[in-house]
Amino acid sequence: KCFKWGYFSNVDNVDRNDYRNKSNSNTTSIMWCARFLDWKHPELVVQLARKLKDKSYNVHINMFGTGIEYEKIRFLCRLSDVDDIITFQGNVSNDEIINQMRQHDVFIFTSDRNEGWGVVLNEAMSNGCAVIASHEIGSVPYLLKDGVNGLIFQSKNLDSLVQKVTYLLDNSELVNKYGNAAIHTMRNEWSPKVAAERFLKLATYACSNMLGEYDVIDGPASWA
């Protein structure tokens with residue numbers, strides 16, 4: 001338990017803007033993708049939508065997935081009068097999820113500490129989304145740097161989520177900045193290739209009784 005590890009998704013060598021030619025659209029597209037379970041907090045998405053609608057932000061939110069909370073959340077959506085800005089997309093293939101990530105501006109990840117890692121964060125960042133994620137998610141402290149390659153909100157705290165989302169919407173140039181920084185993080189710091197190289201380096205130092213000289217301080221196989 002002395003070294004950081006994680007999950008590693010492939011990152012295509014693409015320009016995020018190749019997939020995001022939105023012509024004259026002024027609507028910010030927001031994506032949420034998870035099972036509809038209480039500890040993934042899909043209700044926060046609906047509550048967020050209500051706040052954004054009250055503030056007249058031009059957004060559309062697509063929610064992907066199903067689960068035991070699905071009908072409850074759909075009812076909450078109608079009750080909150082935000083079914084005009086939220087679309088429930090149901091279950092789709094993983095290839096289509098990747099395609100959708102490449103077309104959305106923002107990805108929100110609302111799980112609490114029950115999300116041990118959350119590989120969907122790797123995928124969203126790899127595909128150039130500007131991510132806003134809960135601080136309790138297992139992968140967040142490893143992959144996200146608040147204000148550098150995404151934003152981190154306080155878990156289960158609606159006001160914190162709203163503050164981060166509206167900050168991003170009010171500073172729209174950051175969507176592109178965070179999206180590109182996220183790709184850089186996944187391509188250069190958390191890729192399968194980097195993980196394999198780091199593991200070999202760690203094993204070499206360990207087998208040579210040289211861990212005191214091991215100098216990796218961030219990313220896979222770094223000192224925890």
Side-chain angles (χ1 to χ4, degrees), residues 16-17 19-93 96-112 118 120-121 123-125 127-134 137 150-179 182:
R16 69 182 296 278
N17 293 316
Y19 295 93
R20 291 175 171 85
N21 182 12
K22 300 178 65 175
S23 61
N24 295 321
S25 175
N26 293 316
T27 302
T28 300
S29 57
I30 299 175
M31 181 176 179
W32 182 91
C33 177
R35 290 173 292 159
F36 281 69
L37 303 175
D38 58 357
W39 56 268
K40 290 182 180 284
H41 298 286
E43 79 284 352
L44 283 175
V45 181
V46 178
Q47 294 164 357
L48 168 67
R50 183 64 258 175
K51 296 284 189 180
L52 295 178
K53 188 172 182 178
D54 289 342
K55 296 173 184 290
S56 299
Y57 283 103
N58 190 6
V59 301
H60 192 84
I61 302 172
N62 285 303
M63 299 185 73
F64 292 82
T66 57
I68 59 175
E69 299 284 307
Y70 182 75
E71 291 302 330
K72 175 182 175 181
I73 298 303
R74 294 203 65 168
F75 176 74
L76 179 62
C77 181
R78 294 191 296 270
L79 190 66
S80 303
D81 190 28
V82 291
D83 46 3
D84 57 330
I85 61 172
I86 294 181
T87 301
F88 293 87
Q89 300 287 357
N91 284 331
V92 302
S93 69
E96 180 58 20
I97 290 296
I98 298 302
N99 180 54
Q100 289 295 325
M101 287 175 172
R102 290 175 173 177
Q103 296 180 44
H104 282 75
D105 301 308
V106 179
F107 187 93
I108 53 177
F109 196 6
T110 55
S111 298
D112 60 32
V120 71
L121 179 59
E123 294 173 336
M125 293 177 67
N127 288 288
C129 291
V131 175
I132 302 173
S134 156
I137 294 166
L151 294 169
I152 302 171
F153 75 96
Q154 292 299 302
S155 182
K156 304 184 287 284
N157 187 319
L158 176 61
D159 289 340
S160 178
L161 175 60
V162 171
Q163 188 271 327
K164 295 292 184 174
V165 173
T166 55
Y167 172 74
L168 190 58
L169 296 175
D170 290 338
N171 299 275
S172 58
E173 73 281 358
L174 294 178
V175 172
N176 192 57
K177 177 182 176 181
Y178 292 161

Any chance you could lay out the side-chain contact (heavy atoms from CB on, under 4.5 Å) test for Leu76 and Val82, step after step, and finish with the verdict?
CA-CA 9 Å; Leu76 179 62; Val82 291; over 6 Å; no
Taking ring-ring contact (aromatic ring centres under 6.0 Å, His included) as the test, write out the residues that go with Tyr70, two or more places apart.
Phe36, Phe88
Hey, could you give me the OG1/CZ distance between Thr66 and Arg74, rounded to the nearest 0.5 Å?
11.5 Å
Taking every non-hydrogen atom, the tightest pair across Ser160 and Asn157:
N-OD1, 2.9 Å
Contact between Ile61 and Met31 at the side-chain level, heavy atoms closer than 4.5 Å - yes or no?
no
Derivation and outcome, side-chain contact (heavy atoms from CB on, under 4.5 Å), residues Val165 and Val59:
CA-CA 11 Å; Val165 173; Val59 301; over 6 Å; no
Classify the side-chain pair Glu123/Asn127 by whether it contains a donor and acceptor separated by less than 3.5 Å.
no
If you compare all heavy atoms of Ile152 against all heavy atoms of Ser134, which two are closest, and at what distance to 0.1 Å?
CG2-C, 4.3 Å
Sequence neighbours excluded, the answer for salt bridge (charged side-chain N to carboxylate O under 4.0 Å, His left out) partners of Glu43 is none
Between His104 and Cys129 the two heavy atoms that sit nearest each other are O-SG, 4.1 Å
Evaluate side-chain contact (heavy atoms from CB on, under 4.5 Å) for Met101 paired with Val120, printing each intermediate quantity in order.
CA-CA 10 Å; Met101 287 175 172; Val120 71; 3.6 Å; yes
Taking Asn171 for the side chain and Leu174 for the main chain, is one N or O donor matched with an acceptor at less than 3.5 Å?
no
Between Thr166 (side chain) and Gln163 (backbone), is there a donor-acceptor pair under 3.5 Å?
yes
Between Val45 and Trp32, what is the shortest heavy-atom contact and its length?
CG2-CD1, 3.5 Å
Please round to the nearest 0.5 Å and tell me the distance separating atom CH2 of Trp39 and atom CD of Glu69.
12.0 Å
Specify the closest pair of heavy atoms between Cys77 and Ile86, including all atoms of both residues, with the distance to one decimal.
SG-CB, 4.0 Å
Would you check if Lys40 and Asp112 make a side-chain contact, meaning some heavy-atom pair closer than 4.5 Å?
no
Enter the distance from Lys164:NZ to Phe153:CZ here, rounded to the nearest 0.5 Å.
10.5 Å
How close do Thr110 and Pro42 get, counting heavy atoms only, and between which atoms?
OG1-N, 4.5 Å
Heavy-atom distance under 4.5 Å between the side chains of Tyr178 and Leu168, does that happen here?
yes
For Asp105 and Ser29, does a side-chain donor sit closer than 3.5 Å to a side-chain acceptor?
yes
Please step through side-chain contact (heavy atoms from CB on, under 4.5 Å) for the pair Tyr167 and Leu151, ending with a clear verdict.
CA-CA 10 Å; Tyr167 172 74; Leu151 294 169; 4.0 Å; yes
Among pairs that include at least one residue of residues 76-91, which meet salt bridge (charged side-chain N to carboxylate O under 4.0 Å, His left out), considering only residues two or more places apart or in two chains?
Lys53-Asp81, Lys53-Asp84
Backbone N or O of Ser80 within a donor-acceptor pair of the Arg50 side chain at under 3.5 Å?
yes
Those residues that, when tested against Asn58, pass side-chain hydrogen bond (donor to acceptor under 3.5 Å, both in side chains) (two or more places apart)
Thr27
Taking side chain to side chain contact (heavy atoms under 4.5 Å, CB included) as the test, write out the residues that go with Thr87, two or more places apart.
His60, Asn62, Gln89
To the nearest 0.5 Å, what is the distance between CG on Leu37 and OG on Ser111?
8.5 Å
Side chains of Leu48 and Ile108: closer than 4.5 Å at any heavy-atom pair?
yes
What's the separation between atom SG in Cys33 and atom CG in Leu121, rounded to the nearest 0.5 Å?
12.0 Å
Only counting residues at least two apart or in another chain, list the ones meeting side-chain hydrogen bond (donor to acceptor under 3.5 Å, both in side chains) with Lys51.
none
Can you tell me how far CG of Leu44 sits from CZ of Phe109, rounded to the nearest 0.5 angstrom?
13.0 Å
